[in-house]
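Worksheet: the structure to be examined is printed underneath.
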Number of protein chains: 2
Amino acid sequence: MKSSELTGDELVQVLSTLSNPHRIRIIAALMDGREYVSRLARRLEISRALLQVHLRKLEAAGLVEATLELSPEGKAMKYYTICQFAIELTPQALAAAAPTLSYEEARLRDDPQEQG
Amino acid sequence: MKSSELTGDELVQVLSTLSNPHRIRIIAALMDGREYVSRLARRLEISRALLQVHLRKLEAAGLVEATLELSPEGKAMKYYTICQFAIELTPQALAAAAPTLSYEEARLRDDPQEQG
DNA sequence: GGCACCTGCAAAACTTCCGTTGCAGGTGCC
DNA sequence: GGCACCTGCAACGGAAGTTTTGCAGGTGCC
């Protein structure tokens, strides 16, 4: 995933998702390889409920991926993996994304003549 | 400013600052060159009070810079400029920033033996 | 003086985010 | 049955972010 492929709204979502210490630590922890929820919670020393909330956000933003698997003993395990992404954060990239913000689109709809 | 030069905490601040449609539009508008507050507010069609709040955040994160100048007529004008920045947002970059989160540092202080 | 412009800020209302708590379901094993 | 694991989620209270409203100061010009 590259920043140039994102709409303004998606970029906002990704940035707000990554602007949280817990979620940065989660990404860092998943760099070692896939992990299931309960074990990840123990490694990060946070509650499982809290971790699930953050994982849901990361998944909604397309930054991690989940696969539900059955362990050899038959237990359901949810494994999370990082989705590779490379987002370039420069004034130029932001300017390119700005026109595709739904905010901006709504404004232009109301005032079509001021485009350009 | 490069992402590799930022601490985890600074990165969080930059990301949360940029995860807002208004502030992305402000950066985009300042790409055309420096601008003073009231005129920028008219261009963006938002209230001056609201713009000031967002400009303060952008300045606190080191993304824009302000200079107070006197116009030829003697009016005080506050001009804002973009600070060039290039932040690389990848899992690797986040993993590099994670150990410098104050959150993480506090955790390691409490439990020194689990480092590594 | 009155108007048009420039600046600043803080209180209040509203919305969203965060983290905990407590509950539900399931499996295998002793 | 009881215990140790795995999963899920919703509700609540408190913290933080967002936006409006209203006020203050200043300049120059008619």
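Labels below follow one simple rule: chain letters A, B, ... track the order of the sequence lines, proteins then strands, and each chain is numbered from 1.
With DNA chain D read from its 5' end, the first of the two nearest nucleotides for A/R42 and B/A49 is the one closest to A/R42. Residues A/S19 and B/Q52 both approach DNA chain C. Their nearest nucleotides, taken by heavy-atom distance, put B/Q52 toward the 5′ side.
DNA chain D lies under 4.0 Å from no heavy atom of any residue of residues 26-34 of chain B.
B/K78 comes within 4.0 angstrom of the backbone, heavy atoms only, and of no base. B/V53 comes within contact range of at least one nucleobase, with a heavy-atom separation under 4.0 Å. Within the 4.0 angstrom heavy-atom criterion, only backbone atoms of the sugar-phosphate kind lie near B/A76; the bases stay farther away.
One atom, CG of B/L15, and another, C1' of C/dC17, lie 16 Å apart when rounded to the nearest Å. Rounded to whole Å, atom C1' of C/dG19 lies 14 Å from atom CZ of A/R48. Across the protein-nucleic acid pair, A/E45 atom CD and C/dG19 atom C1' stand 17 Å apart, rounded to whole Å. Here the P atom of nucleotide C/dT16 and the NE2 atom of B/H22 are 13 Å apart, to the nearest Å. Remark: C1' of C/dC17 and CD of A/Q13 are 14 Å apart, rounded to the nearest angstrom.
A distance of 11.5 Å separates CG in A/L55 from CZ in A/R48, rounded to the nearest 0.5 Å. Atom CG of B/L11 and atom CG of B/L89 lie 6.5 Å apart (nearest 0.5 Å).
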The test is side chain to side chain contact (heavy atoms under 4.5 Å, CB included); show your working for B/I46 and B/L40 and say whether it passes. CA-CA 9 Å; B/I46 61 178; B/L40 189 53; over 6 Å; no
Take B/Q84 and A/Q92 through the test side chain to side chain contact (heavy atoms under 4.5 Å, CB included) and record every step on the way to the result. CA-CA 10 Å; B/Q84 271 303 319; A/Q92 292 74 25; 3.6 Å; yes
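Look at D/dG2: its Watson-Crick or wobble partner, with both distances under 3.5 angstrom, is C/dC29. Figure legend. C/dT15 is base-paired to D/dA16; pairs are counted as Watson-Crick or G-U wobble with both atom distances under 3.5 Å. Under the Watson-Crick or G-U wobble criterion, with both distances below 3.5 Å, C/dA24 is paired with D/dT7.
Dashed line: the shortest gap from a side-chain N or O of A/N20 to OP1 or OP2 of C/dC17 is not under 4.0 Å.
With a 4.5 Å cut-off on side-chain heavy atoms, A/K78 and A/T67 do not count as touching.
By the 30° and 60° cut-offs, the orientation of the rings of A/Y79 relative to A/Y36 is perpendicular.
Protein chain A touches strand DNA chain D; the 5'-most and 3'-most nucleotides with an atom under 4.0 angstrom of its non-hydrogen atoms are D/dC5 to D/dC9.
Between the side chain of A/S19 and the main chain of B/V12, no donor-acceptor pair closer than 3.5 Å is present. The closest donor-acceptor contact from the side chain of B/E10 to the backbone of B/T7 lies under 3.5 Å.
Screening A/R23, A/R25, A/E59, A/H22 against A/H54 for a side-chain hydrogen bond (donor to acceptor under 3.5 Å, both in side chains) leaves a single residue, A/R23.
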